[in-house]
Amino acid sequence: MFRKALTRQPGDDLFRGLTTADLGAPDLALARRQHDAYVAALGDQGVEVTVLPPLAGHPDACFVEDAAVIVPELAVVTRPGAPSRRGETDSVAAALPADRPCERIEGPGTLDGGDVLVAGRTCWIGLSGRTNAEGAGRLVGLLTPLGYACRLVPVGEGLHLKSSLAHLGGDTLLATPALAGLEAFAGWDVVTAPADESYACNVLWMGGAVLAPSGFPATLALLRARGLAVVELDTSEFRKLDGGLTCLSLRY
Ligand code: CIR
């Protein structure tokens with residue numbers, strides 16, 4: 001379980017962030033309150049949270065998850081698929097834990113942290129509009145020698161793999177119906193969310209409790225039926241930018 005997390009406050013230019021959602025512009029004051037509540041919820045779970053200040057000129061920089069991948073043995077600074085986000089990585093690299101080696105994804109590879117889910121010694125890497133085969137291959141090359149079994153997953157819908165997939169501890173995953181039956185998840189116990197609640201698949205398992213977006217009662221009921229204590233958080237303003245709970249932190 002992770003004990004520390006890195007986050008970044010939303011900046012004044014949040015409304016300029018990339019989006020495919022048709023949900024209107026984010027309300028900055030509300031986004032800041034939601035971000036504060038997120039940081040507080042992590043703290044309530046015993047996580048030590050570092051909160052970085054906004055990064056001027058980078059409206060998506062609060063989605064700090066995309067700038068790095070961290071496993072106990074290694075940190076990897078990504079090369080985000082969206083060119084407008086590549087300027088975020090140096091600042092995140094400077095804040096990464098210094099107790100492990102650090103590698104980088106190099107061009108022409110691209111990889112967003114939102115496309116990487118690590119559960120135990122298994123790592124799924126989504127091939128998406130943001131993560132290409134070269135970027136995924138570089139991460140496979142870094143993680144395989146460390147003992148991780150890496151599996152590539154085509155991301156058919158949603159921005160990132162983790163828009164549709166989460167780890168719930170042990171051998172349990174939460175996934176959309178589109179992902180649930182894929183060979184990449186064979187042997188795993190996949191809780192399948194209803195198709196109209198796909199956004200709720202982006203949850204953050206805390207080793208007992210799970211942080212989940214509010215407004216998705218069927219999925220939250222599935223989580224509670226698994227004995228998980230659900231902490232609901234409103235992420236409405238980040239959803240307007242295709243973001244969710246995991247996007248807002250890097251955990252280690
Ligand atoms: C983007 O399009 O890059 C941001 N507006 C949202 C990034 C969300 N990040 C994530 O799911 N890990």
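When a ligand or atom number is given, it counts from 1 through the structure's own listing order. A quick note: this is a predicted structure, and the numbers were derived from the prediction, not measured.
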Exercise for the section: If the plane angle is over 60° it's perpendicular, under 30° parallel, otherwise tilted; pick one for W124 and F185. Expected result: tilted

Problem - Mutual orientation of the aromatic rings belonging to F238 and F63 [parallel < 30°, tilted 30-60°, perpendicular > 60°] - result: perpendicular

Polar contacts were defined as any N/O atom of the residue lying under 3.5 Å from an N/O atom of the ligand; does this apply to [X] and ligand 1?
X    : result
H160 : yes
T19  : no
R85  : yes
G243 : no
E65  : yes

Starting from [atom], find the nearest protein heavy-atom neighbour and note its residue, name and distance.
atom                   : value
atom 9 (N) of ligand 1 : D66 OD2, 2.8 Å
atom 4 (C) of ligand 1 : D60 OD1, 3.2 Å
atom 2 (O) of ligand 1 : R130 NH2, 2.8 Å
atom 6 (C) of ligand 1 : L241 O, 3.2 Å

Problem - Part of L159 with heavy atoms under 4.0 Å of ligand 1, whether side chain, backbone, both or neither - result: side chain

Handout entry: Atom pair NE2 (H160) and SG (C247), whose distance is rounded to the nearest 0.5 Å
Key = 7.5 Å

Handout entry: Crowding at CZ, R86 (>12 non-hydrogen neighbours, <6.0 Å)
Key = yes

Problem - Within 45° cone of Y252 ring axis and under 6.0 Å: R3 NZ or CZ - result: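 R3 over Y252 ring: no.
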
Exercise for the section: Find all atoms of ligand 1 within a distance of less than 4.0 Å from any non-hydrogen atom belonging to D242, and give their numbers and elements. Expected result: 8 (C)

Exercise for the section: Would you mind checking if E65 and K162 are paired as a salt bridge, meaning a charged N to carboxylate O distance below 4.0 Å? Expected result: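 Judged by the 4.0 Å cut-off on N to carboxylate O distance, K162 and E65 do form a salt bridge.
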
Problem - Side-chain donor-acceptor pair present, Y199, S163, cut-off under 3.5 Å - result: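 There is no such pair between these side chains.
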
Exercise for the section: Could you go through the side-chain contact (heavy atoms from CB on, under 4.5 Å) check for Y148 and E73 one step at a time? Expected result: CA-CA 11 Å; Y148 291 88; E73 305 85 354; 2.7 Å; yes

Exercise for the section: Using heavy-atom distances, let me know which of G81, G114, C247 sits nearest atom 11 (O) of ligand 1. Expected result: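 Of the listed residues, C247 has the closest heavy atom.
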
